[in-house]
Protein chains: 2
Amino acid sequence: MDWSIQEIARHAGTTSRALRHYGDIGLLAPSRIGSNGYRYYDEQALVKLQRILLLRDLGLGLPAIAGVLTASTEPVAALGTHLDWLRRERDRLARQIAAVEETLKALKGGEQLMAEKMFDGFDHTQYQEEVEERWGKEAYATSDAWWRSMSDAEKAKWQERVSALGSDWAAAAESGIAPDSDGAQTLAERHVQWLSSIPGTPGAVKEYVTGLGDMYVADERFAANYGGVAGAEFVRDALAVYADRHL
Amino acid sequence: MDWSIQEIARHAGTTSRALRHYGDIGLLAPSRIGSNGYRYYDEQALVKLQRILLLRDLGLGLPAIAGVLTASTEPVAALGTHLDWLRRERDRLARQIAAVEETLKALKGGEQLMAEKMFDGFDHTQYQEEVEERWGKEAYATSDAWWRSMSDAEKAKWQERVSALGSDWAAAAESGIAPDSDGAQTLAERHVQWLSSIPGTPGAVKEYVTGLGDMYVADERFAANYGGVAGAEFVRDALAVYADRHL
DNA sequence: GATAAAGGTTTACGCTGCGTCAAGGTCAAG
DNA sequence: CTTGACCTTGACGCAGCGTAAACCTTTATC
């Protein structure tokens with residue numbers, strides 16, 4: 001009482017190719033192989049195949065399925081792990097959808113929306129003098145050209161990154177951890193990397209970084225981005241430690 | 001004013017490997033290649049790279065990004081298409097999560113829950129005589145062994161499929177479409193495939209399929225699964241047409 | 001008994017986006 | 001001259017099969 005590969009494939013709602021694949025990876029061997037090389041499957045194999053397909057429908061990977069089938073893994077454990085992964089994936093997708101929606105909205109809304117929010121409040125024209133004075137005209141021109149070349153979508157995304165960094169700093173400052181703690185230093189590293197990604201700036205240069213830290217504290221327009229003066233002080237201290245250690 | 005591959009990679013927050021990859025696929029070429037073969041990137045390249053990374057962060061595929069960069073695709077269109085895909089993926093994940101959760105619940109809940117709901121109301125012991133009479137003792141024994149060998153999770157999944165099929169039939173019947181319409185015939189095919197997946201049954205045999213159709217109408221315990229007698233009649237007619245055409 | 005239609009076999013590339021060796025040049029520093 | 005850091009070009013690996021390619025077997029038909 002057995003079936004050919006096509007027959008069992010139709011029975012179970014899959015393809016002969018998949019069955020050969022399962023055979024290749026040792027997940028489900030034919031119950032019998034004819035002298036002509038044909039694969040034949042019996043009822044036991046069909047039952048096993050249905051278990052495989054069921055678990056696969058739930059999204060489990062073939063190795064995980066193999067674990068369950070050989071009883072080397074508890075089904076509950078395997079599905080539990082899998083469920084965690086599914087939920088993380090769902091959350092990731094949800095965030096990505098939100099980001100794309102925002103980007104699209106910005107794209108359709110027009111350009112000038114972004115102009116004021118540049119660099120998260122760091123308007124190019126508004127701060128032009130300051131930047132030129134501190135870092136030279138060249139730096140400003142380069143940075144400006146860079147910003148202008150970005151599309152709205154890119155500007156929006158940039159904004160997102162900037163504000164994410166800002167709120168992370170604010171949260172860290174409020175949590176009461178030390179500026180030289182691992183958590184704060186991780187943020188400092190992100191901050192420096194972010195700075196380095198702006199063309200026309202000195203990037204990861206000690207004086208530049210510490211100088212900026214001072215500026216954040218001194219100028220409340222900047223401080224606002226990090227949860228006020230207290231937050232800015234935290235940022236400054238963390239950056240100073242980081243610069244001292246790595247730059 | 002240009003950077004080495006590592007430098008620009010750190011600037012932009014990616015890896016040198018990715019940059020080589022982008023070069024290989026023609027997405028972003030180095031602005032200059034030294035006599036030693038080293039890749040160098042200038043500011044224009046950095047800007048382009050940042051656009052690439054931004055779009056990639058939104059989940060766009062590299063080919064789609066290439067389309068946007070070469071201005072052969074509207075960013076709004078590309079992101080719109082992408083958004084649709086993201087949403088479908090999210091929905092698929094949500095359904096899968098629900099399925100896994102249900103399966104887990106069933107697994108943890110114990111075994112006897114399923115025993116009565118077998119075959120969506122088609123309890124083995126309850127209908128044993130009927131099955132034996134119609135299809136012989138062997139068929140029943142085979143089918144029974146098959147069912148018993150399944151885990152709760154598998155039984156649950158099976159239930160799900162059965163009830164999905166039933167409600168699809170009921171909906172089709174109520175929608176007023178003809179039994180020989182494409183929609184109904186698609187369901188008939190699913191139905192036959194489902195039947196074929198039960199070991200010990202004749203499977204896709206004309207007499208078996210049409211006979212079952214008659215049984216669904218004659219026995220209201222079965223008819224209930226398809227939205228009552230009217231639904232069962234619809235199923236019977238659709239199956240008859242299908243059997244006539246394909247079996 | 002010849003022939004054609006189904007169905008079977010193995011072998012192997014393709015897809016996504018790089019990570020990760022492998023094997024070996026280049027370059028600045030000690 | 002030697003390290004060590006950084007660069008190069010291949011090329012495999014991953015998940016799960018889809019999809020030819022090239023070639024037998026079995027089955028149905030004439």
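Treat the numbers as computed from the prediction; the structure is a model and nothing was measured. Within every chain, numbering begins at 1; the chains are lettered A, B, ... in the order of the sequence lines, protein sequences first and strands thereafter.
- Here C:dT20 presents its P atom at 15 Å from NE2 of B:His21, a figure rounded to the nearest Å.
- Between A:Ile8 atom CD1 and C:dG7 atom P the separation is 16 Å, expressed in whole Å.
- Side-chain contact check for A:Leu69 versus A:Lys48: some heavy-atom pair is nearer than 4.5 Å.
- Among the protein residues, A:Tyr22 comes within range of the sugar-phosphate backbone only, with heavy atoms under 4.0 Å from sugar or phosphate atoms but none that close to a base.
- Across all strands, A:Arg20 comes closer than 4.0 Å to base atoms (heavy-atom distances).
- Distances from the side chain of B:Asn36 to the nucleotides C:dC18, D:dC17, C:dT26 place C:dT26 closest.
- Regarding A:Trp3, its CH2 atom lies at a distance of 18 Å from the C1' atom of C:dG7, rounded to whole Å.
- Counting non-hydrogen atoms under 4.0 angstrom, B:Ser4 reaches the backbone sugars and phosphates but no base.
- Contact annotation: the side chain of A:Ile5 approaches that of A:Tyr41 to within less than 4.5 Å [non-hydrogen atoms, C-beta and beyond].
- Each of A:Ser35 and A:Ala18 has a nearest nucleotide on DNA chain D; the 5'-most of these lies closest to A:Ala18.
- Put simply, OH on A:Tyr38 is 15 Å from P on C:dA6, counting in whole angstrom units.
- Between the P atom of D:dA5 and the CD atom of B:Glu7 lies a distance of 16 Å, rounded to the nearest Å.
- Among the heavy atoms of the strands, none lies under 4.0 Å from A:Ile25.
- Distance check: B:Glu89 CD to B:Asp84 CG gives 12.5 Å after rounding to the nearest 0.5 Å.
- Within the nucleic acid shown, A:Gly61 comes within 4.0 Å of sugar-phosphate atoms alone, with no base atom in reach, counting heavy atoms only.
- Residue B:Thr15 is classed as a sugar-phosphate contact, given heavy-atom separations below 4.0 Å to backbone atoms only.
- The distance between atom CZ of A:Arg39 and atom C1' of D:dC24, rounded to the nearest whole Å, is 14 Å.
- Using a 4.5 Å heavy-atom cutoff, the side chains of A:Arg90 and B:Gln96 are not in contact.
- Note: CZ (B:Arg17) to C1' (D:dC6) measures 16 Å, nearest angstrom.
- Across the protein-nucleic acid pair, B:Arg56 atom CZ and C:dT16 atom P stand 16 Å apart, rounded to whole Å.
- Under the 3.5 Å distance criterion, the side-chain polar atoms of A:Ser4 are left unmatched by any main-chain donor or acceptor of A:Tyr40.
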